[in-house]
**Student:** 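Below are the structure tokens for one structure; questions will follow.
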Amino acid sequence: MECKDSSIISHSSNKFPSDLKYQSGFGNHFSSEAIVGALPQGQNSPLVCPFGLYAEQISGTSFTSPRKLNQRSWLYRIKPSVTHEPFRPRLPRHEKLVSEFDQSNSSTTPTQLRWKPVEIPETPTDFVDGLYTICGAGSSYLRHGFAIHMYTANKSMENCAFCNADGDFLIVPQKGRLWITTECGKLQVCPGEIVILPQGFRFAVDLPDGASRGYVAEIFGAHFQLPDLGPIGANGLAAPRHFLVPVAWYEDGSRPGYTIVQKYGGELFTAKQDFSPFNVVAWHGNYVPYKYDLSKFCPYNTVLIDHSDPSINTVLTAPTDKPGVALLDFVIFPPRWLVAEHTFRPPYYHRNCMSEFMGLIYGGYEAKADGFHPGGASLHSCMTPHGPDTKTYEATIALGNEAGPHKIADTMAFMFESCLIPRVCPWALESPFMDHDYYQCWIGLKSHFSGLSMKENINFQNGKPVER
Ligand SMILES: O=C(O)Cc1cc(O)ccc1O
Ligand SMILES: [Fe+2]
């Protein structure tokens with residue numbers, strides 16, 4: 001899927017040039033200056049910074065986190081971010097954001113859930129107003145948990161910036177590009193790419209295509225990292241150099257009535273200031289927003305038999321303290337060759353102690369012939385059985401053992417997988433887009449069992465009856 005050329009958008013093309021520059025790498029200590037000489041040399045906080053800038057640190061981990069986990073950046077800005085009027089609750093209240101999941105705001109259900117794509121609103125709606133929580137677990141206050149949100153929106157944020165004090169956002173746009181201004185600079189993100197906006201960074205989202213829809217995973221108390229590669233070796237899956245980080249960009253001057261919208265404990269607060277928060281002339285550090293193009297992923301999979309566990313397709317993982325147990329994995333199902341012999345190639349039927357939320361960016365999904373559409377979603381919670389629908393099962397069996405190499409093309413599905421058990425928000429359960437007939441996709445699965453093998457001394461090899 002190609003990004004459309006941003007230069008064709010006239011109204012804001014000068015805000016987002018088509019040749020936007022990035023720095024590359026994952027977990028690097030980056031540095032960038034929009035004016036040469038704006039970064040202090042030799043120390044972080046000189047008495048007077050170059051060009052009279054203010055020095056400000058943003059910490060993404062505790063000061064005392066071990067060095068290999070420690071994340072922080074130094075921002076050199078025209079005015080510090082503290083220069084604003086007091087935070088006040090934003091009115092009218094945003095009713096559909098949750099950051100601490102309990103009986104008062106969400107419920108639990110083991111049933112398989114699926115949603116059709118939610119329509120784009122007709123009334124003017126920006127990214128913040130269009131964001132709503134589907135499900136989640138744990139608590140932003142206790143710094144352990146996650147929330148899964150979706151957004152449908154149609155207009156750019158105006159004279160305001162969003163700041164999420166609760167956790168990191170991993171945004172998966174499905175429809176419409178996101179042009180995101182951050183304190184570190186600008187990011188252009190297309191469907192087929194993802195963007196990570198870490199806790200605390202201020203950002204504004206422009207929607208150059210209008211109608212926009214996407215998925216958001218928010219993690220509390222952890223950050224994403226690249227998965228270990230184990231026996232795969234030193235290369236493969238998502239390569240560090242394909243992660244892109246902005247270069248410094250700033251705006252100066254007066255912006256009367258500018259509003260910072262802060263999400264704090266799942267509630268929104270606003271504070272007024274008379275300048276843009278995107279006033280960082282230079283910065284350095286390893287706590288940064290970044291994006292990644294999913295088409296760059298180098299998938300590994302079976303080359304002989306059986307269907308690999310989906311962890312083989314992990315792009316990013318947010319760990320818990322237990323080795324190998326993720327607070328949230330971001331896993332993709334990209335185009336790839338299927339070559340396995342005498343193997344049921346689609347995802348196997350299974351129950352998982354982890355919980356699986358899935359979305360589809362484009363194309364179809366290999367386990368569902370019908371009903372799972374781009375922009376739709378599904379949730380299979382802890383130990384809830386799921387797997388291919390009846391049509392997929394029957395079509396796979398009809399193809400039989402002779403199926404040769406086959407390429408799954410033009411598709412990008414993904415999964416947010418968590419060890420925590422999600423509670424589901426009432427507006428998601430009561431949504432007009434809920435697919436109440438989802439269970440029907442498995443009801444048609446017939447018994448193919450034959451007792452013949454016992455009774456009439458027939459043996460089975462590779463599923464086919466053979467004489468003994
Ligand atoms: O349930 C799903 O469709 C996701 C999934 C895909 C796969 O290839 C193996 C296991 C799994 O949970
Ligand atoms: Fe699954």
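All ligand and atom numbering here is 1-based and tracks the order in the structure. Side chains are part of it too, since the values below use all heavy atoms of this structure and drop only hydrogens, waters and symmetry mates.
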**Student:** Can you tell me how far OG of S295 sits from NE2 of H242, rounded to the nearest 0.5 angstrom?
**Tutor:**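 That separation rounds to 9.0 Å.
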**Student:** Within rounding of 10°, what is the angle whose vertex is the Fe ion (ligand 2) and whose arms end at NE2 of H350 and NE2 of H386?
**Tutor:**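 Vertex the Fe ion (ligand 2), arms to NE2 of H350 and NE2 of H386: 80°.
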**Student:** Below the 3.5 angstrom mark, is there an N/O of E356, backbone or side chain, next to an N/O of ligand 1?
**Tutor:**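 By distance alone, the answer is yes.
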**Student:** Give the atoms of ligand 1, by number and element, whose distance to some non-hydrogen atom of M358 is under 4.0 Å.
**Tutor:**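 Taking each heavy atom of M358 in turn, ligand 1 has 2 (C), 3 (O), 4 (C) under 4.0 Å.
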**Student:** Who's the nearest protein heavy-atom neighbour of atom 9 (C) of ligand 1, and how far?
**Tutor:**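 Checking every protein heavy atom, the shortest distance to atom 9 (C) of ligand 1 gives P310 CD, 3.4 Å.
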**Student:** Within the side chain of W115, is there an N or O that forms a donor-acceptor pair under 3.5 Å with the backbone of P432?
**Tutor:**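 Here the side-chain-to-backbone pair does not exist.
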**Student:** In this structure, does ligand 1 have an atom that sits under 4.0 Å from one of the heavy atoms of K368?
**Tutor:**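 Flag not set, K368 not near ligand 1.
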**Student:** What heavy-atom pair brings I194 and P173 nearest, and what distance separates the two atoms?
**Tutor:**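 Scanning both residues completely, I find the closest heavy atoms to be CA-CD, 4.5 Å.
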**Student:** I'd like to know if the side chain of Y132 reaches the main chain of M150, judged simply by a donor and an acceptor atom lying under 3.5 Å from each other, with no hydrogens or angles considered.
**Tutor:**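 Absent.
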**Student:** Any salt bridge linking R90 with D129? Criterion: basic side-chain nitrogen under 4.0 Å from a carboxylate oxygen.
**Tutor:**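 Salt bridge between R90 and D129, a charged N being under 4.0 Å from a carboxylate O: yes.
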**Student:** Among protein heavy atoms, which sits nearest to atom 12 (O) of ligand 1, and what does the distance come to when rounded to 0.1 Å?
**Tutor:**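 Here the nearest protein heavy atom works out to H350 NE2, 2.6 Å.
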**Student:** Of all N/O/S atoms in E356, which lies nearest to the Fe ion (ligand 2)?
**Tutor:**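 E356's closest N, O or S atom to the Fe ion (ligand 2) is named OE1.
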**Student:** R177 vs D209, test: salt bridge (charged side-chain N to carboxylate O under 4.0 Å, His left out). Steps then yes/no.
**Tutor:** CA-CA 6 Å; R177 288 167 297 167; D209 303 323; 2.6 Å; yes
**Student:** Go through the side-chain N and O atoms of Q23 and N28 and say whether any donor and acceptor fall under 3.5 Å apart.
**Tutor:**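 No - no donor-acceptor pair under 3.5 Å links their side chains.
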**Student:** List the closest protein heavy-atom neighbour of atom 8 (O) of ligand 1: residue, atom name, distance to the nearest 0.1 Å.
**Tutor:**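 For this ligand atom, the closest protein heavy atom is H307 NE2, 2.4 Å.
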**Student:** Can you confirm, on distance only, whether ligand 1 has an N/O atom lying under 3.5 Å from any N/O atom belonging to H386?
**Tutor:**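 H386 vs ligand 1: N/O contact under 3.5 Å present.
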**Student:** Where is the nearest protein heavy atom to atom 6 (C) of ligand 1: which residue, which atom, and how far?
**Tutor:**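 Here the nearest protein heavy atom works out to Y365 OH, 3.3 Å.
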